[in-house]
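Along the sequence shown, the residues carry numbers beginning at 1. Side-chain atoms are counted along with the backbone in the values below, which use heavy atoms only and exclude waters and symmetry mates.
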Amino acid sequence: MKHLLVSTLLMLLSQIALADHHKNSIVTQQIAAAKTFFALDTPPAEADALLHDDFEFVFMGRAQISNVVYTKETFRSVFMNQVFGPLVPQGFKKIEFIHAFGDADNVALMAEGDAEGINGRYNNSYALILRFKDGKIHRLNEYASDLLVETALYKQQLTPMD
């Protein structure tokens, strides 16, 4: 009886370890996919292939470019080419991933970008929250400094409040 109990316990622990390894493997794959999506040397077609058919992107915050939902069809053609792209016409010089973590459905990337904006140097820090569905990026929320977007890219002036 004792042998059967030990054997059953070992089998359960083995299954738990296997499930945990599988979960960690999925998280590792999703973090790699997220980093590939944002990597400067990833061809656009390869990056777009990582997106779910029902993909949604939102630049979060209170900047002029915030809180508009872009789909898989409009993310690159509208947001990247018409909204954000003209603000950094030479693109980013560097994107550095500072930290990445996640679970079976979500990945968070902390990143820093270095670009030349239309009004000079534009260096922002980002929190990129990605939700995965069917192994693809389903939703992307981008958090950055609204203040930096408005002042560095749109030349908005800060005015003191009375």
Could you walk me through whether Asp114 and Arg121 pass side chain to side chain contact (heavy atoms under 4.5 Å, CB included), step by step? CA-CA 8 Å; Asp114 183 6; Arg121 194 162 182 192; 3.3 Å; yes
Apply side chain to side chain contact (heavy atoms under 4.5 Å, CB included) to the pair Phe37 and Leu51, showing each step before the final yes or no. CA-CA 9 Å; Phe37 181 76; Leu51 303 178; 3.6 Å; yes
Checking salt bridge (Lys or Arg N to Asp or Glu O under 4.0 Å) for the pair Asp105/Lys133: CA distance, chi angles, key distance, verdict? CA-CA 7 Å; Asp105 299 318; Lys133 182 177 178 183; over 6 Å; no
Stepwise, does the side chain to side chain contact (heavy atoms under 4.5 Å, CB included) test hold for Glu112 with Ile98? CA-CA 7 Å; Glu112 293 180 354; Ile98 307 303; 4.0 Å; yes
Dump the intermediate steps for salt bridge (Lys or Arg N to Asp or Glu O under 4.0 Å) on Asp53 and Lys72, then the final yes or no. CA-CA 7 Å; Asp53 288 341; Lys72 185 175 182 177; 3.5 Å; yes
Verdict with supporting geometry, Leu109 and Tyr126, side chain to side chain contact (heavy atoms under 4.5 Å, CB included): CA-CA 8 Å; Leu109 292 178; Tyr126 302 91; over 6 Å; no
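Counting only distance, with no hydrogens or angles, the side chain of Asn81 and the backbone of Arg76 share a donor-acceptor pair below 3.5 Å. Listed for the Asn67 side chain is a donor-acceptor partner under 3.5 Å among the backbone atoms of Gly61. Using a distance-only test at 3.5 Å, with no hydrogens or angles considered, a donor-acceptor pair links the side chain of Asp146 to the main chain of Ala63. With Gln64 contributing its side chain and Glu150 its backbone, the two residues share no donor-acceptor pair below 3.5 Å. Remark: the backbone N or O of Ser145 is paired with a side-chain donor or acceptor of Asn124 at under 3.5 angstrom.
Within a 6.0 Å sphere centred on NZ of Lys155, heavy atoms belonging to other residues, nucleotides or ligands number 12 at most.
Smallest separation of non-hydrogen atoms from Ile31 and Ala100: CG2-CB, 3.7 Å. Across every non-hydrogen atom of Ile65 and Phe59, the tightest pair is CG1-CD2, 3.7 Å. Here the closest heavy-atom approach between residue Thr42 and residue Ala47 is recorded as CG2-N, 3.7 Å. The shortest heavy-atom contact between Asp54 and His52 is N-ND1, 2.9 Å. Nearest heavy-atom pair across Phe92 and Leu40 is O-CD1, 3.5 Å. Contact between Ala111 and Ile95 at its shortest, heavy atoms only, is CB-CG2, 4.3 Å.
At a threshold of 4.5 Å between non-hydrogen side-chain atoms, the residues Phe38 and Phe97 count as touching. For the pair Val83/Tyr70, a side-chain contact is recorded, criterion being any heavy-atom separation below 4.5 Å from C-beta on. Counting heavy atoms from C-beta outward, Glu46 and Thr36 have side chains that approach closer than 4.5 Å. Under the 4.5 Å side-chain criterion, counting only non-hydrogen atoms from C-beta, Phe79 is not in contact with Val68. In this structure, the side chains of Val107 and Leu128 stay at 4.5 Å or more apart for every pair of heavy atoms. Contact of the Pro86 side chain with the Ile118 side chain is not registered, since no non-hydrogen atoms from C-beta on lie closer than 4.5 Å. Tyr122 has its side chain within reach of Val149: a pair of non-hydrogen atoms, C-beta onward, lies under 4.5 Å apart.
If you check the side chains of Thr28 and Ser25, you find no donor sitting under 3.5 Å from an acceptor.
In this pair, Phe57 and Phe75 present their aromatic rings perpendicular. The plane angle is above 60°, beyond the 30 to 60° band.
Taking CG from Leu130 and CZ from Arg139, the interatomic distance works out to 11.0 Å, rounded to the nearest 0.5 Å. Distance CD/Glu73 to CG/Asp48: 10.0 Å, rounded to 0.5 Å. Atom CD in Gln156 sits 9.0 Å away from atom OG1 in Thr151 (nearest 0.5 Å).
Checked against Phe132 for a side-chain contact (heavy atoms from CB on, under 4.5 Å), the options Ile137, Asp103, Val27 give a single hit: Ile137.
Taking Ile, Leu, Val, Met, Phe, Trp and Tyr as hydrophobic and joining them when side-chain heavy atoms fall under 4.5 Å apart, one finds Tyr143 in a cluster with Val58, Met60, Val69, Ile129.
Hydrophobic cluster membership differs between Met110 and Leu140, with clusters built from Ile, Leu, Val, Met, Phe, Trp and Tyr side chains linked at under 4.5 angstrom.
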